[in-house]
Every structure is written in C-alpha cells, then in structure tokens.
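Here is the structure we will look at, set down as structure tokens.
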Amino acid sequence: MLEIKDLVKSYGDGQPVLKGLNFSTGDKKLTAVIGSSGAGKSTMLRCINRLVTADSGEILLDGVDMLKLRGKELQYARRKIGMIFQAYNLVDRLTVMENVLSGRLGYVPFLKGALRKFPQEDIDRAYQLLKRVGLSQYVNKRSDELSGGERQRVGVARALMQNPQILLADEPTASLDPKTSERIMELIARLTDELHLPVLINLHNVAQAKHYAARIVGLRDGVMVFDGKPDELTDEHLELIYTGKDELNEQLHPEGESEE
Amino acid sequence: MSIAANTVNSDGSFLWKRPHFISNPLLRYGLLVFSVVYLMYAFGTLEINFSRVMRGIPRAMQIFSGAIPPDFTSRGSLIVTGFIESIQITILSTTVGVLLSIPFGFMAARNITILPVYWVGRAIIIVARSLHPVVLGVLFVKAVGFGAFAGILTLIIYTLGFVGKLIAEAVEEIKYGQIEAIRATGAGYFTILIYAVFPQIMPRLIGLSMYQLDINLRASTVIGLVGAGGIGNTLNSAFGRYDYGTASAILLIMIGIILIAETVSGKLRRFTR
C-alpha cells in the first residue's frame, strides 16, 4: 500500500517540480503515469525510493513514512521497492548474473556481497528469472555486450530479484525501438501480473499506457490533473495534460505506431 | 576593439580579424615587453663564460674515454644486486602505493563523498604530490637512514599522489545511473562502492598501475643517488671512485631495462582497455 500526501519537491531555488501531489494505490495492478517532460513524473518516482529527497509531504509505504527514514532503515525500506530505469543502469562491466544478483545486495552482508557469495536460493532464483526473461544463455556475458532490449530485460530481472512489494519503472521503454519497446512492456505487464505486484510506470507513450495500464494518472506541472481508467481518458483530458507542451500533437496523433 | 574590427564596410564587405588572445592592448604589449626585458636580464646574470666552456671540453673527453668500453665485469655482482634491489623497491612501492591510493582516491572524489571527507582526501593527495621524489628521498633517508626502506617509502608517497589523483578523477567521471540502480536495491554505501563504482574504474586502475610501475622503475634509479637504495646508490659510488667504466655499464643496463619495461607496460595497458 502506497500513499503519497502533499508531496513537494523543488531542485535548487527553482520552481517546485511537485506542488503538493496526492496519490495512493493498493491495487496489485499496473498504474501508468503520463505527462509531458518536466511534469514531475520522474521526480515522483524517485521520491518514493528516496533517490531524491522530497522537501515536504509524506510517502507512506505500508504505513511507514519513507521521508523520515535514515541509514539502515532506509536501506531496508528500499529493498521492498524495485526500480527499472530508462537507461537500464546496469553495471556495464559486470556479468549478467552479477547484475541480476545485485538485486539482493540489500539482503546479503557486505563481505558476502563483495565476494559474490550469494545464498544458493538467490542464485537459483536469479537463474529462474533470467530464464523467464529469456536470457539464461547469457549468464556470464558482460552486460555491455547486450542489446538495449536485452539490457532492459536484465534490468527487469534485477528489480524483481529484490522480491519487491511495489515496482517502479521510469520510462522503461523510452530508449528502445518501437518493437522492442512493446515487447518489454508486455514482459513487465505479464510478470507483474504473475507476481501479483502493484506497478507504477512512467510512460511517454499514451497509446502504450492505454493498452497496458489498469489505471492512468496524468501529471501536469507537478499536480495530478487526471486519475481514472484508460477508457475514461479522452482527447480533452489529453489536451488538459499536454496543452501548450510540444508533445500534444504527438500524443493525439501518434505516428508510426499501430493503434489498437 | 575586437568588435570594431568586425564591421561591415560601406561597400558591403565584412572586415574580419582573428580576435587577440589577450584583448586588452595595454596588457598584451605590457606582458610582451616585460618578458623580453626579463629574459635579457636573466641572461645577463648567468655569466655564461666561453673560456669556461672551452676548459670543460677536455674534462668531458676524459670522462667519456673512461666510459668506453663499459666495464660490466669487475663490479658485476654489485651491479646485479643494485638492479635487483631497484626492481624490488619498484614492485613493492607500486603495489603498496596503488592499494593505498584507492581509498584516498575515493575520498578525494567529489561525487561519492561528503565535503569534509573530500577535503581530507584532497589535502593528502596534494601534499603527496607537492614534493618531488628526490626531495622526498632526502627526507626519508634522513628519517629512516640510508637504504632500500627509504626508497620504498619515497615511492609509496609518490605513487599515492599520482595514482590517487587520477583515481579521484576517474571516479568523478563514472556514470551515476549505475550508482542509483545499486542504491535502489537497498545496498549500503560500501556495497555501492564495490558494485557500482569499482567496476567502472577498474580498467583505468589497471592501466594506471602498469604506467606507475614504469615510472617508479625510473624514479627508483634516481632516488638511489640521494642514498635511498637500489642501483642509483651503486651508480653514485661508481662516480665517486672515478670508475667511469662501471658507471657507463650501469647506464646502459638502465636504458635497456627501462626500454623493456616501457614496452611491456604499454602492451599490458593496451590489453586491459
């Protein structure tokens, strides 16, 4: 159960990126967050696992306020939150297996982690996840030898390796070509369904959001301007979310992509 | 002034001149005049004396004739032990120095440390870099006495300054996204260093170590001249005895070893890229 209350965040002295955001989800379903660049989608996600620290407000994860945690407590809380990144953020020079196993680093003691002495059940689970995302043949391949789509699949496996209670995905398909992008979205959607996970996913592509999400949240200038089911999202809503932003036309008339 | 040069003439042609490196003409010509005057003054105080140069030539000839042919045999065992000691100094000090420069280099990287730690790390590296190995050698010979130990300490500090600084720079250039990803898993600070930072600087670190091995081999011969052990000591005493044959033998071997070391370290560095 995730509850965000009056979240405010600004970088430096500038205008706040989030201006009192309220949001909550307990559904073990996929929620897509849409909005133009700079609307605060990324900041919202990063505030949740404290990659950035919000100025004020509350982020309650199972009743615990993430903003009040420090040190070890914060690390333990982060273990429950898996994250998938736009640029995959795999450690390039480590093997695929090491990257997947690094999802357990919040659980294993420092020396065991440093020496790659992970418990056998972690290794088994990592192998299973790699098999599930179709990369078990690449166990010992260095991750910078993989293609973009393959890297993101490793990124998904790493996030799931944490056994998270919630999954965050920050534009997971934005760096991929349209076809690979669809495949990754399908993978994330299916895996989260199998694992029964609430997922918060920032999407650039409204068509994808409508297709995969059970709920869509629209952000504009740091506040929520839409919250509803995909079929409730009309062109008027899109205009509300994107008007005056360069992306409006792109979202209303997507090009090069088959609309379903 | 540079703006005045870029004007459109009445006939429509555009007048362009490359802007001066120093735009203020007073400063520009002032600096020029100052440098010329100072050079003339410095040259005048040097007392370069032609007759002194002429008198030096026969003495130089004497040294060179003594140096040919080089004498490898009469002090052969001294030369061998000297070189073995130099190589030991080099390998030990490079190993210890590189290992030490990892924590200090990390401390001196702004993107992964808090400000107080950063300043301490920076300060240590700056101090280590500020003294030339020969000066350090003199200090350590005074502190711990003649011999290889002084040489090892000297080169450890030298390595720490050089490799530490470059490690700090390498850490500051890493991709931050990889750190964020490992942090998001709930890993602690040192685990993040091991998993997200270390792999990214590893190739640089190996290359630097190879390079430093090469540098330390050269430096180990120099610091021997001030009494810090190794072949430099042997060379110094050969000169002291006017034994130019042995001295030139040492110099020739030195050149040979350094050529080999350079080739090997260059090959190794290319291999790790």
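With rounding to the nearest 0.5 Å, the separation of CE in A:M83 from CZ in B:R183 is 12.0 Å. The structure places OG1 of B:T191 at 9.5 Å from CG of A:L111, a figure rounded to the nearest 0.5 Å. To the nearest 0.5 Å, atoms CD (B:Q200) and CG (A:L94) are separated by 9.0 Å. Of the inter-residue distances, the one linking B:I174 atom CD1 with A:D92 atom CG reads 11.5 Å to the nearest 0.5 angstrom. Note: A:N99 CG to B:I182 CD1 = 6.5 Å, rounded to the nearest 0.5 Å.
Contacts of A:L90 with chain B are made by backbone atoms alone, with heavy-atom separations under 4.5 Å and no side-chain atom involved. Interface residue A:F110: backbone and side-chain heavy atoms are both found under 4.5 Å from chain B. Contacts between A:R46 and chain B at a heavy-atom distance below 4.5 Å involve the side chain alone, from C-beta outward. With a 4.5 angstrom heavy-atom cutoff, A:A87 does not touch chain B via any of its atoms.
Within the 4.5 Å cutoff, no side-chain heavy atoms of A:E98 are placed close to those of B:P199. Put simply, the side chain of A:R116 reaches to within 4.5 Å of the side chain of B:I194, judged on heavy atoms.
For A:F118, the CZ atom counts as densely surrounded, since its 6.0 Å shell holds more than 12 non-hydrogen atoms of other residues, nucleotides or ligands.
By the side-chain contact (heavy atoms from CB on, under 4.5 Å) test, B:S13 pairs with B:N9, B:D11, sequence neighbours left out.
Across A:L105 and B:A187, no two heavy atoms sit closer than the pair CB-CB, 3.8 Å. Smallest separation of non-hydrogen atoms from A:Q162 and B:A184: NE2-O, 3.5 Å.
Listed for the B:Y195 side chain is no donor-acceptor partner under 3.5 Å among the backbone atoms of A:V91.
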